[in-house]
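Only one structure is covered here, and it is reproduced in the block below.
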Protein chains: 2
Amino acid sequence: MPKKGSGAKNKKRSMATIYDVAAHAKVSKTTVSRVVNGEASVSIETRARVHRAIKALHYIPNKAARSLASQAEVRIGLLYNNPSVAYFSELLIGALEGSGRNGAQLVVDKCDVGNPVIARKAALDLVKTGLNGMLLTAPLSGSAELIRELTEEGVSIVGLATGRFRSDISCVGIDDYLAAYEMTGYLIGLGHRRIGFVKGHPNHTSSQQRFLGFKAALRDAGAGIAPSVVVQGFNSYRSGLDAADALFESRGKVTAVFASNDEMASAVLSVAHRKGMVVPQDLSIVGFDDTVASSTWPMLTTVRQPISEIAAKAIETIVKNCRLMRAGTRVKPQNFLISHSLVLRESAAAPPPG
Amino acid sequence: MPKKGSGAKNKKRSMATIYDVAAHAKVSKTTVSRVVNGEASVSIETRARVHRAIKALHYIPNKAARSLASQAEVRIGLLYNNPSVAYFSELLIGALEGSGRNGAQLVVDKCDVGNPVIARKAALDLVKTGLNGMLLTAPLSGSAELIRELTEEGVSIVGLATGRFRSDISCVGIDDYLAAYEMTGYLIGLGHRRIGFVKGHPNHTSSQQRFLGFKAALRDAGAGIAPSVVVQGFNSYRSGLDAADALFESRGKVTAVFASNDEMASAVLSVAHRKGMVVPQDLSIVGFDDTVASSTWPMLTTVRQPISEIAAKAIETIVKNCRLMRAGTRVKPQNFLISHSLVLRESAAAPPPG
DNA sequence: CGCTTTACTGGTAGCGCTCCCACTTTTATG
DNA sequence: CATAAAAGTGGGAGCGCTACCAGTAAAGCG
């Protein structure tokens, strides 16, 4: 029979505070605070004692009090548009995780990110709400004007997956150029000589980088590579459908298609099926992002972009920059490169012998 | 040339506080607080004056201070598993929006929700983190034991889309039974007499309700309806592929397939294409949830479940309950029904004349 | 051995807000 | 007209924490 209510600790109702810990460890709350915040100047024994008390009391610092006292509440805005639900979902998870870890607060808002006027207004409105930082996704991250305005307002901004790094703001993302280069190389290695390419949304800098990487790989492969068939897409499934139609109607028969994102790749897949092609025997299809990859049949070979990780890193950077700015330090843009990887699944294989 | 820096207000650096507003409106901060919190006992004129001051100063209450002072910080946990990215993404957006509006803090964590042991441990660990509330999605929301444990810990819980309402916890969701009934009725109305059904994950109570609704509609349609072909799915795309294979291999030819979620419906669609069937001419396919619906070709006819809205409502309920509990009030479970709708797109039509 | 330096530690003052308890008016009631 | 009850308002005490400024003791230095 478990004894109830007799234990030393009370269950809920008011968690332990820093005072309780201080009393338990027989130090001042200041010292506890120092230990919790990992400051150096605390002796080993004291530190250990405090840690023990924290554990014993199940102490968890009160975030509200912390951000109030340190004047360090960081609110980070994020505008979205449902570019690709899967993409956004991963982004959100990463951002949320990063916010939790860094004690920031995420404020998300929906708007038509594609329309510069609307997006700009939405961003500025969001900022008026009392934002300290802002996570800029494409195509917002490409607008120099918006960036300037936001910076003037004193908002820390970080661009997400901007394709190429830049000097005006901090960015975190993968090397789209290199990734596309590698994927194209893989296709060429498989034996493909005529490859179709579905370009991503023209507003996104990363799209350009992906295309550039593709072209570079083709060029570097030298002779024997037929001129590629390139069609424009706009990152949506819908646009992928149209792109695929255009691609298959073109005179030059391709044996592989490289779509700038998974959404479009899965659209191409769907159209190929409809036309009676068997993937990957008749046609190889690869995507980019690894967002819908395993929800297709066959499963998509693609470039994995660790979106959550990127988002988390971006949040961390924003928080750090905010704190620096508050301390009066001038922050200079910093770029972080996250590594990507090729995920080889079932949708790509050697071209048909014919 | 716009005059800069000459305006009355300073840009960033320390937002206006309640004191500033009080001074501006010539009232006490207490009164401002009352206005901001919409309390009754403030005269109309005072209220108006305060509102004017708030607007003039661009005052935004400091959340940290608020939750600290009111002891009202509400932290809400959410366990996820990537059941369906699209579903989760919508859920997250709604939850985030609800949290923002209600001043709560969302803590999301990933775990294998499908495994009862792991999920239970993860939930309890999360709670130890200092949670006040928890959003329970299927299949967690079906575990009476977990619910009891959580309740004992003093955590406010709300079940999401539990299919059927219950008396032990508050729930918010749509009427899965009715929705499935209606969708089935639509198919029958189109002329289908032999309909295949892909069941959802057996752990999810909503799956059962959907199946029950399907059967009821068949029964109510009376004679002339061939016995249905029912196969088991597990909500994933992958399982939908298997289910579709099983369905098409069965002796009784169906003219329509009703899948318990969109993910599986799109898998069925894919298999149908592969088998050379034209949708919806040869076969009608409908789904449930409206999560991937427009990323398929043809676009899926489905039941729209407003997941964001449901999640937001759930968060609101949790926050409300937390505050009530803190005030010492005993809260009794409350169920909220959100309305669904049939979204008729392109994947369902009358059966072939044959 | 006296002095400064360095390592630790504690006390106190808020951060911006809400809550409780007054206090001053009005308005209703006997 | 006195008295009670509202109705509206203000003051102060914290919420739990960090920042800052002192302390105290040990160590370094000439």
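Here is how names work: the chains are called A, B, and so on, in the same order as the sequence lines, proteins then strands, and each is numbered from 1. A quick note: this is a predicted structure, and the numbers were derived from the prediction, not measured.
Atoms CG and OG, from A/N62 and B/S67 in turn, are 7.0 Å apart once rounded to the nearest 0.5 Å. How far CD of B/E149 is from OG of B/S143: 7.5 Å, rounded to the nearest 0.5 Å.
Side chain of A/S33, nearest nucleotide from C/dC17, D/dT9, D/dT18: D/dT18. Comparing D/dT18, D/dG12, C/dC17 by their closest approach to the side chain of B/I18 singles out C/dC17. In the set C/dT9, C/dC17, C/dG14, C/dT9 carries the atom at the smallest distance from any side-chain atom of A/V42. Of the candidate nucleotides D/dG16, C/dG10, D/dT18, D/dT18 has the atom nearest to the side chain of A/N37. The nucleotide whose nearest atom lies closest to any side-chain atom of B/T31 is, among C/dC19, C/dG10, D/dG10, D/dG10.
Going from atom CG of A/N62 over to atom P of D/dG16 covers 7 Å, rounded to whole Å. Separating the CG atom of B/L68 from the C1' atom of C/dT18 is a distance of 10 Å, rounded to the nearest angstrom. Here the P atom of nucleotide D/dT9 and the CD atom of B/E39 are 12 Å apart, to the nearest Å. One atom, CD1 of A/I44, and another, P of C/dC8, lie 8 Å apart when rounded to the nearest Å. Taking atom CG of A/L57 as the reference point, atom C1' of D/dG16 lies 15 Å away to the nearest angstrom. One can place CZ of B/R49 at 14 Å from C1' of D/dG10, the figure rounded to the nearest angstrom. Computed from coordinates, the A/R47 CZ to C/dC8 C1' distance equals 11 Å when rounded to whole Å.
Salt bridge annotation for B/K320-B/E316: present, with a cationic side-chain nitrogen under 4.0 angstrom from a carboxylate oxygen. In summary, A/E152 and A/R148 engage in a salt bridge, as defined by a charged side-chain N under 4.0 Å from a carboxylate O.
At the heavy-atom level, B/T30 lies under 4.0 Å from base atoms of the strands shown. When heavy atoms are screened at a 4.0 angstrom cut-off, B/S67 is found touching no nucleic acid atom at all. Among the protein residues, A/S70 comes within range of the sugar-phosphate backbone only, with heavy atoms under 4.0 Å from sugar or phosphate atoms but none that close to a base. Across all strands shown, A/V36 has no heavy atoms under 4.0 Å from either base or sugar-phosphate atoms.
Contact of the A/R34 side chain with the A/S41 side chain is registered, since non-hydrogen atoms from C-beta on lie closer than 4.5 Å.
Counting distance only, with no hydrogens placed and no angle test, the side-chain atoms of B/K29 and the base atoms of D/dG12 include a donor-acceptor pair under 3.5 Å. The base of C/dG10 sits within donor-acceptor range of the side chain of A/R34, with an N or O pair under 3.5 Å. The base of D/dG11 has none of its N or O atoms less than 3.5 Å from a complementary donor or acceptor on the side chain of B/S28.
The cationic group of A/K110 does not satisfy the cation-pi geometry with A/Y80, failing either the under 6.0 Å distance to the six-membered ring centre or the 45° limit from the ring axis.
OP1 or OP2 of D/dT9 sits under 4.0 Å from a side-chain N or O of B/S43. Between B/Y19 and the phosphate of C/dG14, there is no side-chain N or O to OP1/OP2 separation shorter than 4.0 Å. Phosphate contact (OP1/OP2 of D/dT9, side-chain N/O of B/T46, threshold under 4.0 Å): present. One finds a side-chain N or O of A/R66 lying less than 4.0 angstrom from the OP1 or OP2 phosphate oxygen of D/dT18.
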